[in-house]
Amino acid sequence: MATRAQQAHVGRGATAAGTTGISTQPLAGIALLLVSMWALSSLDASGKWVMAAGVPMLLLSWVRYAAHFAVALALIVPAKGWGILVSRKPREQMLRGGAMLGATLLFFTTLRYLPQAEATAINFLAPLLVLLLAPWILREPPRLSRWIAAGVAFLGVLVVIRPGGGLDPTGTLFGLAGAFCFSAQYIASRRVAADDPLTSVIWSGGVGTVVLSIALPYVVPTALPILRELDPLHWCVLISTGVTGCFGHLLQIAAYRKAAASTLAPFTYLQIVSSTTTGWLIWGHFPDALTWVGIAIICGSGITIGILEWRRARVPV
């Protein structure tokens, strides 16, 4: 999904918890993170493309989660055993999976109305919202720097969605709602920190698959005429949404085990590059100069507060 590269860089979705056992291979970690962002941007672009072909958003989301779940089980269980499915906090895992599902549905809806780069830029609000809400939800000390960073980032979003900027108001509203949902997902990820990150990858796919399967009987009958018209390429791209989503999250886990979060944090905002590139290659859309100003404000705010938080964490208590 878009800005999943944001907290663990949990895409446009996902594994921020569990970065213990970090090795000192920063270049390898950065490389893995960049590949994960391209995978997740490909997921977003693929979803937008098949929706343009007429695939209903709920059916797309079901395929995305079912394929994610199947790939995660096939790759993780043989290596870790069935015990990896057991969570120490199943309720929190279900809440996290629900938040991730909500973020996915809102982001796919946003992509129906907005170009990929602008939709991704709006979602970059999510990690800053987490910092803003941390005093109340995570019981962390309130800090003026976080409020300032969130305020500056919101100004950047206002530049991106400015009147006369050509963005659909409906898509903009869904994008802002999605940013709040992504922030809920990140907060929920903190709640399941005791679990192995691979457990979270499986649970996120499983929760989404189960919930969307309930809606499937109501979606498939109306979608059948469209599905019959899909060519093999469309089917491959549709199924790839779950594959790239799962691999994106697994690559993030690997990245955060190779390098510290403070090292990787500035690079997470490079997802705007992969999102812009895929949007330009597929639809020929490239943000205008003023939109890039807004994107720079958002990314600059996030990078600055990330550096401040990192320095604050290094100061002995």
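Small disclaimer: the values here were computed from a predicted structure and weren't measured.
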Does a side-chain heavy-atom distance below 4.5 Å link [X] with [Y]?
X	Y	result
Leu32	Gln252	no
Pro26	Lys258	no
Val207	Met100	no
Phe108	Lys48	no
Leu238	Leu59	no

Pairwise distance [atom1]([X]) to [atom2]([Y]) - rounded to 0.5 angstrom:
X	Y	atom1	atom2	answer
Trp82	Ile202	CH2	CD1	8.5 Å
Leu33	Thr268	CG	OG1	7.0 Å
Leu114	His285	CG	NE2	9.0 Å
Ser61	Leu105	OG	CG	4.5 Å
Ile187	Arg191	CD1	CZ	8.0 Å
Tyr113	Leu173	OH	CG	10.5 Å

Tell me, please, which residues at least two apart from Glu92 pass side chain to side chain donor-acceptor pair (under 3.5 Å).
->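 Side chain to side chain donor-acceptor pair (under 3.5 Å) check on Glu92 returns nothing, list empty.
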ILVMFWY cluster, [X] and [Y] together (side-chain gap under 4.5 Å):
X	Y	value
Leu101	Leu95	no
Val210	Leu216	no
Leu75	Val35	no
Leu224	Leu58	yes
Val63	Leu233	yes

Going by atom type alone, with no hydrogens or angles, which donor-acceptor pairs under 3.5 Å involve a side-chain atom of residues 148-164 and a protein atom two or more places apart or on another chain?
residue, atom, partner, partner atom, Å
Arg162, NH1, Val159, O, 2.8
Arg162, NH1, Thr291, OG1, 3.4
Arg162, NH2, Asp288, OD1, 3.2
Arg162, NH2, Asp288, OD2, 2.9

Do you know which two heavy atoms are closest between [X] and [Y], and how far apart they sit?
X	Y	value
Ser36	Leu251	CB-CB, 3.6 Å
Leu167	Pro115	CD2-CD, 4.0 Å
Ile226	Gly54	CD1-O, 3.0 Å
Ile253	Pro197	CD1-CB, 3.7 Å
Ser204	His68	OG-NE2, 3.7 Å
Ala126	Ala179	CB-O, 3.4 Å

Phe124 and Gln271: side chain to side chain contact (heavy atoms under 4.5 Å, CB included), yes or no, with the steps?
-> CA-CA 10 Å; Phe124 275 131; Gln271 188 175 356; 4.1 Å; yes
Taking [X] for the side chain and [Y] for the main chain, is one N or O donor matched with an acceptor at less than 3.5 Å?
X	Y	result
Thr276	Val273	no
Ser301	Ile298	no
Ser275	Ile272	no
Trp203	Leu85	yes

Sequence neighbours excluded - side-chain hydrogen bond (donor to acceptor under 3.5 Å, both in side chains) pairs with any residue from residues 211-229 |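 For residues 211-229, and leaving out neighbouring residues, the side-chain hydrogen bond (donor to acceptor under 3.5 Å, both in side chains) pairs sorted by first residue read Trp62-Ser213.
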So, Tyr65 and Thr104: side-chain donor and acceptor under 3.5 Å apart, yes or no?
->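 A pair is found: one side chain offers a donor N or O, the other an acceptor, under 3.5 Å apart.
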Would you check if there is a donor-acceptor pair between the side chains of Gln116 and Thr278 at a distance under 3.5 Å?
->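 Yes - a donor-acceptor pair under 3.5 Å links their side chains.
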Name of the residue among Thr109, Val50, Val219, Leu111 meeting side-chain contact (heavy atoms from CB on, under 4.5 Å) with Met57 |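 The side-chain contact (heavy atoms from CB on, under 4.5 Å) with Met57 is passed solely by Thr109 among Thr109, Val50, Val219, Leu111.
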Step through the shown structure and confirm whether more than 12 heavy atoms of other residues, nucleotides or ligands are within 6.0 Å of CH2 on Trp292.
->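 Enclosed.
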For side chain to side chain contact (heavy atoms under 4.5 Å, CB included), just list the numbers for Trp235 and Leu227, CA-CA rounded to whole Å, side-chain angles, deciding distance to a tenth of an Å, and then say yes or no.
-> CA-CA 9 Å; Trp235 277 108; Leu227 296 177; 4.0 Å; yes
Verdict with supporting geometry, Ile297 and Val293, side chain to side chain contact (heavy atoms under 4.5 Å, CB included) | CA-CA 6 Å; Ile297 293 172; Val293 170; 4.1 Å; yes
Return the orientation label for the Phe107 and Phe182 ring planes: parallel under 30°, perpendicular over 60°, tilted otherwise.
->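 Ring orientation of Phe107 relative to Phe182: perpendicular.
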Aromatic ring centroids of Phe247 and Trp38 under 6.0 Å?
->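 Between Trp38 and Phe247, which both carry aromatic rings, the centre distance is not below 6.0 Å.
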Of Asp196, Thr199, Asp195, the residue whose pairing with Ser87 passes side-chain hydrogen bond (donor to acceptor under 3.5 Å, both in side chains) |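 Result: among Asp196, Thr199, Asp195, Asp195 is the only option passing the side-chain hydrogen bond (donor to acceptor under 3.5 Å, both in side chains) with Ser87.
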Intermediate values then yes/no, side chain to side chain contact (heavy atoms under 4.5 Å, CB included), Thr110 and Ile122 = CA-CA 10 Å; Thr110 303; Ile122 294 172; 5.6 Å; no
